[in-house]
Colleague: 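Submitted below is the structure of interest, expressed as structure tokens.
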Amino acid sequence: MAKDISRRNFLKALGGGAVASSALLAACNDGKQTAASAREPEKGKMTYRVNPKTKERVSLLGYGMMRLPDRNEGKDPSTGTGEIDIDQDMVNRQVDYAMEHGVNYFDTSPAYCQGKSERATGIALSRHKRSDYFIATKLSNFAEETWTRQASMEMFENSLKELQVDYVDYLLLHAIGQGKDALAMFNSRYMDNGILDWLVEQREKGRIRNLGFSYHGDIKIYDMLLKWHDEGRYHWDFVQIELNYLDWNYADEINPRNTDAVYLYNELKKRGIPAVIMEPLLGGRLANVPDNIVAKMKQREPGQSVASWAFRFAGTPDGVLTVLSGMTYMEHLRENLCTYSPLKPLTGEEQKFLMEIADDIYNLKTIPCNDCKYCMPCPYGIDIPGVLLHYNRCIKEGNLPNKGNRDTDYRRARRAFLVGYDRSVPRLRQASHCIGCGRCVDHCPQGINIPEEMQRIDKFVEELKQDV
């Protein structure tokens with residue numbers, strides 16, 4: 001597989017009629033409002049892209065309903081079930097605010113928020129005219145018991161029920177390419193049971209208006225499905241891919257199971273298939289970069305937030321239909337709206353600058369966890385994302401102790417790492433409790449060998465505790 005777009009051709013690949021903007025999401029992971037997020041976005045300024053099939057105008061900012069407001073957030077998960085309690089009133093307010101400011105694309109799944117996202121999304125959107133919004137959901141038949149034709153059909157019918165709609169605007173085959181044997185899993189989920197042909201029939205009946213897939217993992221599956229499109233075997237109305245300025249050239253170097261976004265995007269562009277973008281912030285990693293990189297970005301554009309660079313990058317290519325953002329807090333929503341109302345294109349110099357930033361981030365060698373929580377729940381109670389994110393955060397903040405150095409900075413970093421670990425992850429949910437069962441591995445879109453990382457981090461922690 002050759003990369004059809006090199007760094008030298010980067011400007012050409014991203015150019016032509018796209019758009020992106022100013023200060024955006026300021027990494028409000030603690031829910032606190034920043035000075036930038038206090039800005040009120042203008043109404044009537046949203047940037048739209050046109051679906052070439054339906055000719056409908058789709059908001060460039062899409063609302064990802066994966067990380068909805070949770071009343072249980074912040075509670076110690078070791079003392080309870082860790083069950084999500086969605087704050088429906090807040091979801092309603094945020095959906096209303098988004099629609100008032102031009103957002104009309106809402107993306108959910110039967111798998112999101114412990115299976116509660118579709119219902120919450122349906123409640124919020126059903127209060128509006130059906131013609132005012134587009135719903136995207138997925139056939140998330142990951143579990144083997146859902147691979148039968150009947151079970152998959154029931155999953156789709158239940159999605160319509162939960163969303164309170166008669167048809168889905170955008171239906172995706174969810175996370176194609178995952179698993180140790182990606183082709184066998186794809187065939188079991190969609191081909192052997194005839195469910196893909198059934199979905200095509202539902203599109204012909206108008207119960208699905210656009211049919212596509214989201215891609216993670218094995219590039220052979222991606223290429224195969226696009227070959228089917230070329231041959232007329234199956235027509236894809238859109239495809240959802242991971243695209244951000246780090247994954248543009250580094251996705252397959254960070255994780256061999258991933259594919260650089262430059263290839264994914266170009267294959268869609270040359271076929272005229274609209275791209276829906278997921279992970280523009282890489283699960284927040286591109287909003288929480290090390291302080292030296294923050295300083296570099298602020299020196300270039302003092303008034304622009306770190307995260308806004310990533311959203312502008314994701315929104316710039318002209319083949320992009322919408323960019324999804326999981327907006328838990330109102331601050332997230334306001335800042336994203338400011339960036340896309342309207343979207344201001346990245347200049348050539350800004351694009352080159354982001355490629356330099358990508359080089360800097362890649363050289364940090366962090367674990368590519370996006371906090372998607374697909375690995376959860378762990379049958380042994382481990383907070384897998386919490387462990388990985390703490391490790392990454394210490395790299396970012398310069399608090400990863402260098403065991404070969406016993407100077408004052410080592411002592412400071414050692415204490416910061418251990419104290420922060422106990423504060424971030426309850427002891428009963430730390431890496432030491434991993435038995436290596438491997439149930440989490442196939443569910444990770446980034447292909448992280450989670451048991452191996454848990455063992456490595458646990459060994460690192462024990463050495464720090466013993467000071468050896």
Side-chain angles (χ1 to χ4, degrees), residues 27-32 66-87 90 111-117 282-285 287-288 326 328-329 366-401 403 410-446 448-468:
C28 306
N29 290 333
D30 58 358
K32 296 178 181 177
M66 174 190 280
R67 301 179 177 96
L68 298 179
D70 178 13
R71 293 189 184 93
N72 286 335
E73 184 182 22
K75 296 181 181 179
D76 185 349
S78 66
T79 61
T81 64
E83 185 173 348
I84 293 174
D85 181 14
I86 292 177
D87 186 340
M90 181 57 70
Y112 292 168
C113 300
Q114 298 174 353
K116 300 177 181 180
S117 174
L282 261 179
R285 289 169 61 201
N288 291 283
T328 307
Y329 303 108
T366 53
I367 301 169
C369 175
N370 293 348
D371 194 24
C372 67
K373 295 183 173 61
Y374 282 14
C375 57
M376 298 295 283
C378 167
Y380 296 93
I382 299 168
D383 182 0
I384 297 170
V387 173
L388 299 180
L389 293 176
H390 172 72
Y391 186 85
N392 284 345
R393 184 163 55 248
C394 287
I395 293 177
K396 166 189 174 297
E397 296 172 352
N399 288 329
L400 193 68
K403 291 180 290 183
Y410 166 80
R411 298 295 175 189
R412 177 200 61 77
R414 173 179 175 272
R415 184 178 187 279
F417 185 96
L418 292 175
V419 172
Y421 190 36
D422 285 343
R423 288 177 177 174
S424 301
V425 186
R427 292 197 177 188
L428 290 176
R429 294 169 63 82
Q430 291 181 0
S432 57
H433 295 277
C434 176
I435 70 163
C437 71
R439 287 184 58 180
C440 50
V441 175
D442 284 346
H443 297 293
C444 178
Q446 302 304 316
I448 302 170
N449 188 330
I450 295 172
E452 183 178 286
E453 295 293 353
M454 292 294 110
Q455 292 168 15
R456 182 173 69 85
I457 292 172
D458 180 48
K459 181 181 178 182
F460 181 76
V461 169
E462 287 305 310
E463 289 177 350
L464 290 180
K465 288 179 178 179
Q466 297 171 23
D467 200 15
V468 297

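Position 1 is the first residue of the sequence, and the numbers go up from there.
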Colleague: Which class fits the ring pair Phe417 and Phe460: parallel under 30°, tilted 30 to 60°, perpendicular over 60°?
Modeller: perpendicular
Colleague: Could you measure the distance from the CD atom of Gln430 to the OG atom of Ser424? Nearest 0.5 Å is fine.
Modeller: 9.5 Å
Colleague: I need the Glu462 CD to Ser432 OG distance, nearest 0.5 Å.
Modeller: 7.0 Å
Colleague: Enter the distance from Met376:CE to Gln114:CD here, rounded to the nearest 0.5 Å.
Modeller: 9.0 Å
Colleague: More than 12 non-hydrogen atoms from neighbouring residues, nucleotides or ligands closer than 6.0 Å to CZ on Arg415, yes or no?
Modeller: no
Colleague: Under 3.5 Å, is there a donor-acceptor pair between the side chain of Asp85 and the main chain of Asp70?
Modeller: no
Colleague: Test your reading of the model: is there a side-chain donor-acceptor pair from His443 to the backbone of Lys373, 3.5 Å cut-off?
Modeller: no
Colleague: Hey, are the side chains of Leu388 and Met454 touching, using non-hydrogen atoms and a 4.5 Å cut-off?
Modeller: yes
Colleague: Please check: side-chain N/O of Asn392 versus main-chain N/O of Ile367, any donor-acceptor pairing under 3.5 Å?
Modeller: yes
Colleague: So, for Ile448 and Glu453, which heavy atoms are closest and what is the spacing to 0.1 Å?
Modeller: CG2-CG, 3.8 Å
Colleague: Would you compute the distance between atom SG of Cys444 and atom CD1 of Ile384 and round it to the nearest 0.5 angstrom?
Modeller: 9.0 Å
Colleague: Take Leu464 and Tyr410 through the side chain to side chain contact (heavy atoms under 4.5 Å, CB included) test and state the conclusion after the steps.
Modeller: CA-CA 10 Å; Leu464 290 180; Tyr410 166 80; 3.9 Å; yes
Colleague: Check the pair Arg456, Glu452 against side chain to side chain contact (heavy atoms under 4.5 Å, CB included), reporting the backbone distance first and the verdict last.
Modeller: CA-CA 6 Å; Arg456 182 173 69 85; Glu452 183 178 286; 5.7 Å; no
Colleague: Would you confirm whether Lys116, through its side chain, and Ile86, through its main-chain N or O, come within 3.5 Å as a donor-acceptor pair?
Modeller: no
Colleague: Just by distance, do the side chain of Ser117 and the backbone of Cys113 share a donor-acceptor pair under 3.5 Å?
Modeller: no
Colleague: Are Tyr380 and His433 close enough that their ring centers fall under 6.0 Å?
Modeller: no
Colleague: Check for a donor-acceptor pair, side chain of Asn72 on one end and backbone N or O of Glu83 on the other, with a separation under 3.5 Å.
Modeller: yes
Colleague: Quick check: closest heavy atoms across Val441 and Pro451, and the distance to 0.1 Å?
Modeller: CG2-CD, 3.4 Å
Colleague: Applying salt bridge (charged side-chain N to carboxylate O under 4.0 Å, His left out), can you list everything that pairs with Arg427, at least two apart in sequence or on another chain?
Modeller: Asp422
Colleague: Rounded to the nearest 0.5 Å, how far apart are CD1 of Ile450 and SG of Cys378?
Modeller: 9.0 Å
Colleague: To the closest 0.5 Å, what do you measure between CG (Leu418) and NZ (Lys465)?
Modeller: 7.0 Å
